[in-house]
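In this text the structure is predicted, and so the values were computed from the model without any measurement. All values below were derived from every heavy atom in this structure, side-chain atoms included, with hydrogens, water molecules and symmetry-related copies excluded. So you know, we letter chains A, B, ... as the sequences are listed, proteins then strands, and number each from 1.
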Amino acid sequence: MFYNLPFIAVAVIAALGIVTMLLRQNLIKMIMGLSLIESAVNLFLVALGYREGGIAPIFTNAPAGEMVMPTVQAMTLTNIVIGIATTAMLLSFVMVIYRKYGTANAQYMRKLRG
Amino acid sequence: MIPDIIMHNLPAFLIAVPMFAAFATPLIGRLGNERVRDAWVLLAMALTAAVAVLLAAQVYSAGTLVYTFGGASPGIPVPADSGGIPVRIIFTIDAMSAFMALIAGIVGFSVTAYSMASQSRSSGRESYYMLLLLLTVGVLGMVCTGDLFNFFVFLEISSLAGAALVASRVDRGVAVEAGLKYAVLSTLGGLLVLFAVALLYGQYGSLNMALIAHQMQFTVLDMVALVLLVTALAMKCGAVPMHFWTPDAYSMAPAPVTAFLVVASQASLYGLFRVVFTLYNVTLNYSLVGWFIIIIGVLSMVVGVTMALPQKDVMRLMAYHAVSQTGYMLLGVGVGLAVLGDETLMSTFGLTAMEGGIFHIINHAMYKGLLFLTAGAVFYRTGTRNLNQMGGLGHNMKWTMVFFIIGALAIAGIPPFNGFASKLMIYESVFLFNPFLSIIAMVVSILTLASFVKVFHSVFMGPQLPEYQDVKEVPAYMLIGMGILALVVIVFGLFPQVVVDGLVAPAASALVDQSSYIASVLGGI
Amino acid sequence: MDPIATLETGFGYWNPLAWLIAFVVAGIIAWVIWSAGEKGYRKGTEQVKPFLSGNAEPAKGDVHLRAGNLYWGFTEALSGYYERIVPLHSGILNDYLLWYLGVTALLLVAVIGMGI
């Protein structure tokens with residue numbers, strides 16, 4: 001049970017994010033939902049990398065023992081950077097839309113349809 | 001002639017050249033001389049296209065190319081002390097990847113040449129060119145990489161650059177709306193792809209496609225990963241019923257960007273094929289997934305073309321056709337997937353269907369790019385995309401009209417243009433699989449012709465309208481951009497068998513032959 | 001490799017050369033008919049104006065058939081289909097996301113259901 005706790009948290013956070021994206025109509029809140037999903041994926045990646053008793057893969061003065069593979073940590077860092085770029089871009093889009101349309105509601109952001 | 005150091009490191013140059021050029025573009029733009037900057041961008045894109053062509057020549061003559069980044073020797077993917085696990089980022093470029101890189105090179109170059117003139121009136125051109133080059137990086141990386149996480153990173157690069165380009169012409173906020181929709185959907189898709197990658201990594205402890213393919217068990221987690229990958233990439237390539245962002249983004253982006261976004265979508269399509277054929281191959285439930293791809297393909301064809309017919313915005317109409325044509329590729333390759341495990345059916349029609357689908361990818365990139373560019377040329381001169389406000393432009397824009405006719409006949413599958421050759425291959429091989437699907441494909445083709453007759457009539461035909469009395473032909477750069485694509489359309493239409501034998505058949509067999517892909521990375525296991 | 005080889009499509013074949021020959025022949029016939037035509041045509045004179053039974057020529061914009069009028073019959077005949085399909089393209093981002101996640105969920109059920 002304890003080992004599955006991070007994965008349960010992943011499922012809960014991802015579900016919250018998806019529900020937010022589907023049910024909220026405020027664009028800012030939808031992007032918050034997207035960020036939640038991103039956090040869930042990051043947590044999932046980090047949780048996958050956990051090895052009981054493993055040590056950080058720093059070779060200088062390393063104590064004896066098994067080192068963890070740092071791939072997932074690198075992936076998480078990369079995804080955080082990508083996430084920052086994406087979120088910044090999305091929020092700036094919402095800013096422009098709010099200025100031009102006078103609303104940040106997805107229900108009214110529908111000049112393109114049909 | 002070309003130094004060995006370049007010939008031995010082509011995959012690295014394929015990414016490095018456009019990426020370096022992209023980040024140098026704003027700096028060079030700071031110098032203040034527009035001609036220098038334009039020449040720089042054009043040169044960078046020409047070099048990228050040249051590298052893609054050289055790489056394709058190498059791959060087609062010498063077989064799959066493996067390039068390990070950061071290794072002492074790029075040709076050795078598995079280090080001796082790693083216990084048989086390829087730990088580094090590896091580019092695995094087989095015939096299919098080279099084929100896609102070639103498409104990106106040709107379209108990228110003609111689109112850049114076109115942008116030189118078509119964007120000359122807009123502000124912020126440094127950022128525009130930078131993003132265009134970054135989009136090229138993303139597409140080339142997606143099609144060349146042999147590493148799942150790397151694939152995700154390049155997918156995100158292309159999504160970010162693509163969304164920013166879609167929104168670049170704010171257009172009272174409408175373009176930003178399209179960019180936002182595209183960005184939200186592709187970010188969500190990208191995150192689900194990453195989730196699937198994590199699921200695969202958790203089980204197999206590697207990110208290398210070949211190693212995962214070699215060890216594939218098709219457990220329940222693999223099934224979840226498969227579904228997440230397939231739907232995310234199908235959404236990114238604009239398959240119905242996940243296509244809603246496509247007409248929005250394609251219609252609001254500047255025309256040259258749209259022409260390149262078609263290639264970006266096809267890179268996702270490539271990713272989809274790579275996942276089902278290379279990563280999973282026969283371990284997956286191929287008839288179910290094959291039928292899923294066939295069904296979304298047929299839906300894309302029908303819904304795309306019927307939605308296109310009543311459109312009034314010329315770019316939006318063509319965008320729906322892009323959805324519809326993607327359906328042909330999905331149908332052709334889906335039929336190949338549905339009979340993957342059956343040797344006799346595969347050799348009777350499965351492989352031909354796949355070749356038709358893959359041939360259609362390159363054909364579509366060329367003629368659809370051409371059509372979007374002609375729509376952009378009309379927009380450049382008239383300032384409207386509304387078909388109801390156009391007419392009689394054929395009097396003044398003769399070259400644009402000729403290019404439009406070539407593109408329109410090619411997309412409608414009229415001989416002797418290239419669309420006919422690939423569609424014929426799809427019709428006749430799919431007919432052997434299921435005649436009903438083939439008939440749908442033909443009807444869709446007729447409707448495609450019908451809606452392009454509408455566009456042709458309302459844009460170019462009719463008397464010379466007073467408001468367009470002084471419209472001139474577009475500048476030479478734009479004609480060059482369109483001319484390159486038109487030339488490819490005609491040449492591919494006249495010599496289809498040469499293209500199929502030389503480019504398409506190796507790509508199709510590279511896709512089907514999973515074991516040689518694995519062997520090229522892991523050695524003879 | 002023979003550049004004018006016939007494309008094998010699994011079921012049939014296709015050779016653009018035959019089509020090109022037909023094209024050239026048709027072009028020659030068209031040229032023969034055209035060259036036998038009236039020689040007295042002069043550009044920029046009264047001759048180029050349309051003849052509408054002696055009525056005055058309407059404004060150029062009025063005689064051009066605009067795009068919105070084309071295929072009215074087609075969309076009208078299929079109005080039952082279009083009334084359903086057009087509203088689906090609602091332009092609302094939540095709907096787009098729902099379709100995407102819905103298809104994902106559907107395929108998930110299908111693949112796992114068939115797999116176990």
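Interface remark: of the candidates B:P415, B:G462, B:P463, B:P415 forms the most heavy-atom pairs closer than 4.5 Å to chain C. Contacts with chain C were tallied for B:Q389, B:K454, B:E467, B:H243; B:K454 has the most, counting heavy-atom pairs under 4.5 Å. Of the residues considered (B:P466, B:A234, B:G391, B:S458), B:S458 shows the highest number of contacts with chain C, using heavy-atom pairs under 4.5 Å. With chain C as the partner, the residue from B:A353, B:P241, B:S451 showing the most heavy-atom pairs under 4.5 Å is B:P241. Comparing B:Q311, B:M307, B:M235 by heavy-atom pairs within less than 4.5 Å of chain C, the highest count is held by B:M307.
Proximity to chain C (any heavy atom under 4.5 Å) is shown, for B:I296, by neither the backbone nor the side chain. Looking at B:N388, both its backbone and its side chain come within 4.5 Å of chain C, counting heavy atoms on both sides. For chain C, the nearby part of B:V500 is the side chain; its heavy atoms alone come within less than 4.5 Å. Within the 4.5 angstrom heavy-atom criterion, only side-chain atoms of C:Y71, from C-beta onward, approach chain B. Residue B:F420 touches chain C through its side chain alone, counting heavy-atom pairs closer than 4.5 Å. Neither the backbone nor the side chain of C:L78 has a heavy atom closer than 4.5 Å to any heavy atom of chain B. Residue B:L317 does not touch chain C at all, counting heavy-atom pairs closer than 4.5 Å. In this structure, the portions of B:A450 lying under 4.5 Å from any heavy atom of chain C include both its backbone and its side chain. With a 4.5 angstrom heavy-atom cutoff, B:Q464 touches chain C only via backbone atoms.
Shortest non-hydrogen contact noted between C:P16 and B:G493 is CG-O, 3.5 Å. C:V103 and B:F292 get closest at one heavy-atom pair: CG1-CZ, 4.0 Å. Nearest heavy atoms, B:M223 versus C:I112: SD-CA, 3.8 Å. The nearest pair of heavy atoms linking C:T104 to B:V227 is O-CG1, 3.5 Å. Contact record, B:P416 with C:W19: CD-NE1, 3.4 Å, taken as the closest heavy-atom pair. For the pair B:L288 and C:A110, the tightest heavy-atom approach, listed with the atom from each and the gap, is CD2-O, 3.7 Å.
Separating the CG atom in C:L17 from the CG atom in B:L494 is a distance of 9.0 Å, to the nearest 0.5 Å. Here the CG atom belonging to C:L70 is positioned 10.5 Å from the NZ atom belonging to B:K312, to the nearest 0.5 angstrom. Going from atom CG of B:L185 over to atom CG of C:L93 covers 6.0 Å, rounded to the nearest 0.5 Å. Atom CG in B:L226 sits 7.0 Å away from atom CG in C:L107 (nearest 0.5 Å).
Aromatic pair B:Y320/C:H89: ring centres closer than 6.0 Å.
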TODO: In sequence, state the C-alpha distance, the side-chain angles, and the governing distance for B:L387 and C:R66, and then conclude on side chain to side chain contact (heavy atoms under 4.5 Å, CB included).
DONE: CA-CA 7 Å; B:L387 285 170; C:R66 305 282 177 161; over 6 Å; no
- [ ] Would you please test C:Y100 and B:F244 for side chain to side chain contact (heavy atoms under 4.5 Å, CB included) and show each step?
- [x] CA-CA 10 Å; C:Y100 169 42; B:F244 299 105; over 6 Å; no
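C:V111 has its side chain out of reach of B:L284: every pair of non-hydrogen atoms, C-beta onward, lies at least 4.5 Å apart. B:V303 has its side chain within reach of C:Y81: a pair of non-hydrogen atoms, C-beta onward, lies under 4.5 Å apart. In this structure the side chain of C:I85 never reaches within 4.5 angstrom of the side chain of B:T306, judged on heavy atoms. Counting heavy atoms from C-beta on, the side chains of B:L309 and C:Y82 come closer than 4.5 Å.
Between the B:K181 side chain and the C:Y96 main chain, no donor and acceptor come within less than 3.5 Å of each other.
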